[in-house]
Amino acid sequence: MVDPERQDAMNLLLGLFVPVLGKPAIWDIDQRYLQDRPAVDATLAAKASYEGLPREAGGVEWRVSEDDAGSEGEGDGTLPVGLGGMPTLQDGLVALADVGVDWVTIGAGEGGEPAGQGGTSPPPGSPPRSPAASRAGSSLSDPGGRAVPSPLLPGQRPPRSPRWRPFRPPSLDMSLVSGDASARDSLAESTSSGGSLLRSMHSRLKALWGRLPFTPRPSTGGFSFATSDSDPGGAAAAESPALCARAGPGASSLETIQSLLRTAKAAGGTLEARRAGSESGAAAAAASGFWQPAGLGDVGAGLGDDDESLERKYVALAEVLMEPAWGEGGGM
Amino acid sequence: MRAWVQGEPVYEIEGTECVPVTHPALQSKYHASSFADERAYRRMLLASVDGAAQFYFSYGYCLAASLGDNLRGVPEGEGVYDSRFVWNDYLTSALREQSAELRRWTVPVVHGSVQQRALSCYGRDITVTLVARRSRLFAGTRFLKRGINGDGHCANDVEIEQIVDTGRNARGLPDKVASFVQLRASVPLFWGHDSFMPRANIVLQSCDPLFVATQRHFADLRARHGGPVTALSLVKQRGAERAPRECVLGEEYERAVQLVNRALPSAADRVHYLAYDFSSQAKALGASLVLQDLSAFLGGGPSEGFLLARREGRASSAYAITRRQSGVTRTNCVDCIDRSNVAQFVKGLAVLGPQLASMGVVEAGAALGLESDLSRALMGLYRDMGDHLAIQYGGSEAHAGVLDKHSGGSSAAVQVRGPRWPRRPFPHTPRLAPHPPPPPPPTLQPLPPPPRSTCRSSRRSSGPTPTRWWTPSVRTP
């Protein structure tokens, strides 16, 4: 076969492939990925719109409606098409962090595996304290001194059918996630199955508030919506309010967790101050240390919502972002 | 040196060399054996531009632009590198961005073919030059790059310019010069093959039902060359094949052009679609008659004219353009190698007569017969150019028996002539990359998402829409 090598050389010459130390070399990459990206994107975008997929999921256009877009004075609702034309979970979670969600527990989905399957099970009664949690622990533990569960839920199952592994940058600081070597490996394995592909767009969130495609579920106990049918993480997660992603098993990526941890760490300093001055239920939930709507002024202020409806909207937003059905229609 | 164009020498890259400019003390650091990948990359890079691949450059004449643009004055400096025909845009970008001083060390390089032959016609010396420029925008080899991409750039997109000049002075500047531009490019649809075998089935992708990419392609052609745009398709038509293969492509292409035309305000601007089943006609008529038949067929299509320029005064080096070309013919077959080359020769020959007549070399109205010496010389030029383009895109020389039979004389002469170029430049090169990664089997890694700028969706409300794809300000030719 000589054509692929010629194509490789041509891609190199034209700068379509730029070798980076530590990233896969050109001879390790499928030729078709280096095909012209706009072609692939256009193909996928057109396919999504043509074959009846929801256009939001396909990433073609995100137009709330004509009158709504006009009243908000925003431009065209074109979503950038991501890799493969589909949104990723990471994008969704990053957007979530942008609007002020600081702490998200990524949990296994339905089924509620008993804790201890993944090898990371903490001894019952003593929630694990990962180094990350203990580092941020001064601000992330609630006033009662109750330890915050590790962001890794212990009940994470190994992937059922790992079809691809997420790209892992070489400089990944795994110690941030967990200091335990076995837990680290288990996490890497359990988060490697990829899973649902989600996408949100921060600039569209305002438009999203009012037109959620479902009725927001009334939240219970702060901001948690660990539902009855999904009991991720077993007892530890159930008794402490945690925002559990209703994603498929292992539907998370390592970078997601990492970025969330980073956000949580960065926000850790401000948590105390906010807790001191807070009276509302939202702040109380923030005081529980799991997540906190830090971006109230950003998103919520313009809407003039009271705390309760704002809370509901946050939960609804989280659900939208976490909704696995959005991405899984496209498949990988 | 391959040719003289407008008094400027045109050079071909014969070899490449990597000259380190780092300090010798640092060289050992950067050339350490740990950079095995870099060595492989460097070798790959140099092999892609070595003497077997046809890369051309000129210091005084801008090969990336047509003759008309050269006479009008091509954009100086950075603008040249924006051209789709300049292949070292990326390689030199780091150097050029540093300063304008460093830009002097770069020269735009064009990929394709440059052929030139000096001829004598009724006692007048004429020079026929063929410049083929390959577009870099959807560049690749035959089975890996097919059809069109979302931006409307086609695979195997080559602009071919036929320059005829006469009366060169001591500096090589001709008195009169004429040029004619035509294109070849893959069928502007999303299509491919279902396997890598020869004669694999053609698979049409239905991902662009409104032919937005096709519209972009034709809008781009109109903007660059003006109207009328002619789409000449040489694929087999229904009935010519036992199992429909190529004809599906041709029919879809025709549908696409119809849909593109439907959006146009006036019929005068429409894209002319011409379909000629070259294979069947060649089988039915024979090699000699099919050229005449094709010539007559093309004569019925729209005419683009050609560019004609005269030098102002004996000592002057300025040119006055007296005629312009408006419109372009875009030829395709399945591979755009063999049949397209023949059709482009026929088109070029049909223009060569008027070109010579307008320069006063032959009488007006004199038709160049296919058996004339001039025709054979032109045939040889197109054949050599076709071989180059075929090697670049398909990996092997063109096997256009039609041109060989006409231009080569007896078959013995063809054999004596021997290979003009290394037959297969790439098959003999050893494996460029180091061998695949060791035992742990390579995990399938999704790549980081592409930069946002390239992932715009195909339909934006600001851009051209399916019903308004043409640009109102079409460049006046």
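Here is the naming used below: chain letters follow the sequence lines, and residue numbers restart at 1 for every chain.
Annotation: side chain of A:Leu14 is in contact with side chain of B:Trp87 (closest heavy-atom distance under 4.5 Å).
In this structure, the separation between CG on A:Asn11 and NZ on B:Lys145 is 5.5 Å, given to the nearest 0.5 Å. Note: A:Met10 CE to B:Arg136 CZ = 13.5 Å, rounded to the nearest 0.5 Å. Rounding to the nearest 0.5 angstrom, the gap separating the CG atom in B:Leu144 from the CD atom in A:Gln7 is 5.0 Å.
Legend: residues meeting side-chain contact (heavy atoms from CB on, under 4.5 Å) with B:Val110, ordered by chain and number and at least two apart, are B:Leu63, B:Ala64, B:Arg133.
Here the closest non-hydrogen pair linking A:Leu13 and B:Leu91 is CD1-CD1, 3.4 Å.
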